[in-house]
Q: 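First the structure, which I've put down as structure tokens, then a few questions once you've had a look.
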Amino acid sequence: MVSMQTTYIMIKPDGVQRGLVGEIITRFENKGLRLVGLRQLIPSNKIAEAHYAVHKDRPFYSGLIDFITSGPVVAMAWTGVEAIKVARNIIGPTNGREAAPGTIRGDFAMDIGHNIIHGSDGEETAKFELDLWFPDGVAEWQRDAESHIYE
Ligand code: DAT
Ligand code: MG
């Protein structure tokens, strides 16, 4: 069954510093997803810790918080049919060295920590992350091209 979903996508400080913001947005737009939220911010410790709370007992957690708060991120919300899975496929697996060429991590990342981008991994996570990073909600609009993107 197909379902319309909105997923939370975040270009991490390494992606912003490397000048990949435009390239990354283009990939999601070209695929046919609809951009419904976009903001740049330097995350506070509070929002970073909430976002990565699921990893708080992992050995890499404090380094992860230091990294994600080290500079600006670009927080985005993207909508489409099965957008969560579609976006994860565009992003590729966590370790850039193992990610296939053609994926964002496969094309731009060499590490597991500095892996350019985050994408929600399920419906509940997406809702939690969208509420966290877009507390005022996202934009309600229709992309005219969708009548050509979907059957
Ligand atoms: P993903 O971002 O692919 O969903 P994840 O949710 O398992 O991966 O982990 C969140 C982030 O934490 C990941 O993007 C990078 C960092 N991370 C995960 N495993 C790591 C490890 N073994 N060493 C260092 N950083 C790690
Ligand atoms: Mg994850």
Side-chain angles (χ1 to χ4, degrees), residues 1-139 149:
M1 201 185 82
V2 296
S3 66
M4 212 64 173
Q5 295 175 331
T6 301
T7 187
Y8 177 66
I9 302 296
M10 175 167 64
I11 306 172
K12 299 180 184 183
D14 54 338
V16 176
Q17 288 288 355
R18 289 176 53 187
L20 294 172
V21 173
E23 164 80 34
I24 288 169
I25 289 176
T26 297
R27 289 183 179 215
F28 285 86
E29 269 191 325
N30 284 352
K31 179 65 175 168
L33 293 165
R34 183 196 328 155
L35 183 62
V36 297
L38 178 70
R39 62 188 283 241
Q40 184 177 50
L41 71 160
I42 300 175
S44 63
N45 265 67
K46 186 170 171 237
I47 198 167
E49 285 168 7
H51 177 81
Y52 281 126
V54 65
H55 295 304
K56 68 178 184 306
D57 297 325
R58 308 286 287 277
F60 57 81
Y61 175 73
S62 68
L64 185 57
I65 298 299
D66 287 348
F67 170 56
I68 209 72
T69 57
S70 69
V73 300
V74 172
M76 299 181 285
W78 289 92
T79 296
V81 172
E82 297 184 330
I84 295 169
K85 184 177 71 187
V86 168
R88 297 272 295 185
N89 286 341
I90 292 170
I91 290 169
T94 311
N95 186 339
R97 289 196 299 280
E98 287 162 14
T103 64
I104 291 170
R105 287 167 172 168
D107 287 348
F108 300 117
M110 281 295 281
D111 241 341
I112 192 162
H114 289 190
N115 62 7
I116 308 285
I117 186 164
H118 165 86
S120 305
D121 64 7
E123 287 200 36
E124 277 182 26
T125 326
K127 187 182 176 337
F128 171 80
E129 293 172 353
L130 289 165
D131 286 345
L132 180 67
W133 294 91
F134 292 97
D136 297 329
V138 297
I149 291 165

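Order of appearance sets the numbers: ligands from 1, and atoms from 1 within every ligand. We're numbering straight along the sequence, starting at 1.
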Q: Does ligand 1 have any atom sitting under 4.0 Å from a heavy atom of Ile112?
A: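 Distance cut 4.0 Å: Ile112 passes for ligand 1.
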
Q: For Glu23, is there an ion pair with Arg27 - N to carboxylate O distance below 4.0 angstrom?
A: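 Yes, this pair counts.
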
Q: Looking at ligand 1, is there an atom of it that comes within less than 4.0 Å of some heavy atom belonging to His118?
A: no

Q: Could you measure the distance from the CG atom of Asp107 to the OG1 atom of Thr103? Nearest 0.5 Å is fine.
A: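 Taking CG in Asp107 and OG1 in Thr103, the distance rounds to 6.0 Å.
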
Q: List every atom of ligand 1 that sits less than 4.0 Å from any heavy atom of Asn115, numbering the atoms from 1 in the order shown and giving each element.
A: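 Result: 13 (C), 14 (O), 15 (C).
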
Q: Any chance CE of Met4 has more than 12 other-residue heavy atoms, nucleotides or ligands included, within less than 6.0 Å?
A: yes

Q: Pick from Asp131, Leu130, Asp136: which one makes a side-chain contact (heavy atoms from CB on, under 4.5 Å) with Phe134?
A: Leu130

Q: Between His114 and Phe67, what is the ring plane arrangement, given parallel below 30°, perpendicular above 60°, and tilted in between?
A: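 The arrangement is parallel - the two ring planes meet at less than 30°.
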
Q: Which option, Arg58, Lys12, His51, Arg105, owns the non-hydrogen atom nearest atom 2 (O) of ligand 1?
A: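 Ranked by closest heavy atom to atom 2 (O) of ligand 1, first place is Arg105.
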
Q: Donor-acceptor check, side chain of Asp14 to backbone of Ile116, threshold 3.5 angstrom: yes or no?
A: yes

Q: Is the shortest distance from a heavy atom of Met10 to ligand 1 less than 4.0 Å?
A: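 No, Met10 has no heavy atoms under 4.0 Å from ligand 1.
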
Q: How far is atom 18 (C) of ligand 1 from its nearest protein heavy atom, and which residue and atom name does that atom have?
A: Phe60 CZ, 3.5 Å

Q: Quick check for you: to the nearest 0.5 Å, what is the distance between Ile68 atom CD1 and Ser44 atom OG?
A: 11.5 Å

Q: Give the contacting part of Thr94 toward ligand 1: side chain, backbone, both or neither, where contact means a heavy-atom distance below 4.0 Å.
A: both

Q: Determine whether any heavy atom of Arg88 lies closer than 4.0 Å to an atom of ligand 1.
A: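 Arg88: in contact with ligand 1 (<4.0 Å).
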
Q: Considering only heavy atoms of His55, which atoms of ligand 1 have at least one such atom less than 4.0 Å away?
A: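 Numbered from 1, ligand 1 contributes 5 (P), 6 (O), 7 (O), 9 (O), 10 (C).
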
